[in-house]
Amino acid sequence: MAMRPCAAVSVLDRSAIEHPWDLAPEKARALQSRLAQHVVCADAIDPVGHIGGVDIGFEDGGDTTRAAVVVVKYSPEGPPFEVVEQVVHREPTRMAYVPGLLSFREVPAALGAFAKLETQPELVMVDGQGIAHPRRLGVASHLGLWLDLPTIGVAKSRLCGTHASVGEHRGDWTPLEHKGERIGAVLRSRVNVKPLYISPGHRISFDSALTWVVRCLYRTKLPEPTRLADRLASRRGPIN
DNA sequence: GCGACAG
DNA sequence: ATCTTGTCGC
């Protein structure tokens, strides 16, 4: 199977790129293809002291977008991890949900939340796909590119690609592929629960993406960073 | 043309 | 994602 060629390690100069967030679907798709060229799916990670979890929720019948970011202190001893910071950022929703264009709807708010963060994590896990996307630019990749941080896509369902059946034991996984390319892995994070779709977002390899997610698995289907962000985004968890 | 389709 | 109550199971 063809391994997806990764762009050379280089920092994208965001200030030099024309990037409106309210593009028409056709324009947005074209921009995704361009940006995907800058995604790096090889490890370029600093020592991980803190891990961030990101998720987006909506209010006012969808008129308001609510971004939640939770930062936990990583410990080699494993979870549970100490929560060191939680941020919620709200702003008007920019565009409707269109399959494949999720990042244009969620990344702006996520960036707003990161701007309010005091403790910047060295690794970020995002609720959604990384490169396991038709044009290889899921929300995790798009966000990672704009934050210039290593990110991992942790999705609860499939957007594209095919895969063999996944083993039933915790930790079992099978590769996810699309058009002859490896785009991620389907992971059984818990027994008797639908598997997770893991893919590199930016600045991380397939192996590391999977390894980090497994390291953050505790007692639920989702890894801790994403589980905590999910609770915060859906206003069920602590807003302390 | 007919389905599939992250959150 | 969100709208919504109770309910089955570990």
Side-chain angles (χ1 to χ4, degrees), chain A residues 21 25-26 28-29 32-33 35-36 39 53-70 88-113 124-146 151-163 166 168-170 176-179 181 183-202 209 213 218-223 225-237:
Chain A
W21 294 96
E26 195 45 47
R29 295 189 187 94
Q32 289 184 317
S33 295
L35 295 178
V39 171
V54 186
D55 189 34
I56 276 65
F58 297 89
E59 304 173 351
D60 309 327
D63 292 338
T64 299
T65 298
R66 180 181 58 251
V69 176
V70 175
V88 171
H89 170 75
R90 276 169 242 261
E91 61 174 62
T93 298
R94 308 213 179 202
M95 55 180 267
Y97 168 69
V98 175
L101 299 182
L102 187 66
S103 62
F104 286 86
R105 177 174 164 82
E106 304 190 337
V107 171
L111 292 175
V124 178
M125 296 188 7
V126 185
D127 189 306
Q129 316 288 350
I131 65 169
H133 174 281
R135 289 168 294 284
R136 309 293 181 262
L137 196 84
V139 299
S141 298
H142 205 157
L143 181 63
L145 216 44
W146 242 242
T151 57
I152 299 172
V154 181
K156 299 183 291 297
S157 64
R158 184 193 69 89
L159 172 59
C160 71
T162 59
H163 63 84
V166 193
E168 54 187 47
H169 301 298
R170 185 179 201 251
L176 176 63
E177 36 190 277
H178 179 59
K179 293 185 174 179
E181 297 180 342
I183 58 173
V186 187
L187 172 71
R188 185 74 69 185
S189 57
R190 294 295 285 172
V191 176
N192 293 321
V193 172
K194 291 202 308 176
L196 252 28
Y197 290 74
I198 311 301
S199 60
H202 183 47
V213 169
Y218 188 40
R219 329 174 85 164
T220 58
K221 169 181 180 175
L222 299 176
T226 292
R227 181 184 71 80
L228 294 168
D230 247 76
R231 287 180 25 168
L232 192 57
S234 62
R235 10 170 71 180
R236 282 178 297 110

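None of the values given here were measured: they were computed from a predicted structure. In the text below, chain A, chain B and the rest are named by the order of the sequence lines, each starting its count at 1.
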Spacing of A/Y197 atom OH relative to B/dG7 atom P, expressed in whole Å: 10 Å
Between A/R158 and B/dC5, is there a side-chain N or O to OP1/OP2 distance below 4.0 Å? yes
Report the distance from atom NE2 of A/H133 to atom C1' of B/dC5, rounded to the nearest whole Å. 11 Å
What contact category does A/L137 fall into here, base, sugar-phosphate, or nothing, at under 4.0 angstrom with non-hydrogen atoms? nothing
What's the spacing between A/L101 CG and A/L137 CG if we round to 0.5 Å? 10.5 Å
Inspect the surroundings of CG in A/N192 and state if more than 12 heavy atoms from other residues, nucleotides or ligands are less than 6.0 Å away. no
For A/S234 and C/dA1, is the shortest distance between a side-chain N/O and OP1 or OP2 below 4.0 Å? no
A/Q129 CD - B/dA6 P separation (whole Å): 8 Å
Euclidean distance, atom NZ of residue A/K221 to atom C1' of C/dG9 [Å, nearest integer]: 17 Å
Whole Å only: how far is the CG atom of A/L222 from the P atom of B/dG7? 10 Å
Are any of the side-chain heavy atoms of A/I198 and A/V154 separated by less than 4.5 Å? yes
Nearest 0.5 Å, please: how far is CG in A/L222 from CG in A/L196? 5.5 Å
Separation of C/dT2 P from A/R105 CZ (nearest whole Å): 10 Å
Atom CG of A/D55 to atom P of C/dT2: distance rounded to whole Å? 8 Å
Remember a base hit wins even if backbone is also touched, and classify A/G62 as base, sugar-phosphate or nothing at under 4.0 Å, heavy atoms. nothing
Contact class for A/V98 (heavy atom, under 4.0 Å): base, sugar-phosphate, or nothing? nothing
To the nearest 0.5 angstrom, please state how far the CD atom of A/Q129 sits from the SG atom of A/C160. 7.0 Å
Less than 4.0 angstrom between a side-chain N/O of A/Y97 and OP1 or OP2 of B/dA6, yes or no? yes
Could you check whether A/G57 gets within reach of a base, just the sugar-phosphate, or nothing at all, counting any heavy atom under 4.0 Å? sugar-phosphate
With sugar-phosphate meaning primed atoms plus P, OP1 and OP2, does A/E106 contact a base, only sugar-phosphate, or nothing at under 4.0 Å between heavy atoms? sugar-phosphate
If I take atom CD1 in residue A/I183 and atom C1' in nucleotide B/dA6, what distance separates them, rounded to the nearest angstrom? 12 Å
So, is A/K156 near the phosphate of B/dA6, with a side-chain N or O under 4.0 Å from OP1 or OP2? no
Indicate whether OP1 or OP2 belonging to C/dT2 is found under 4.0 Å from a side-chain N or O atom of A/R66. yes
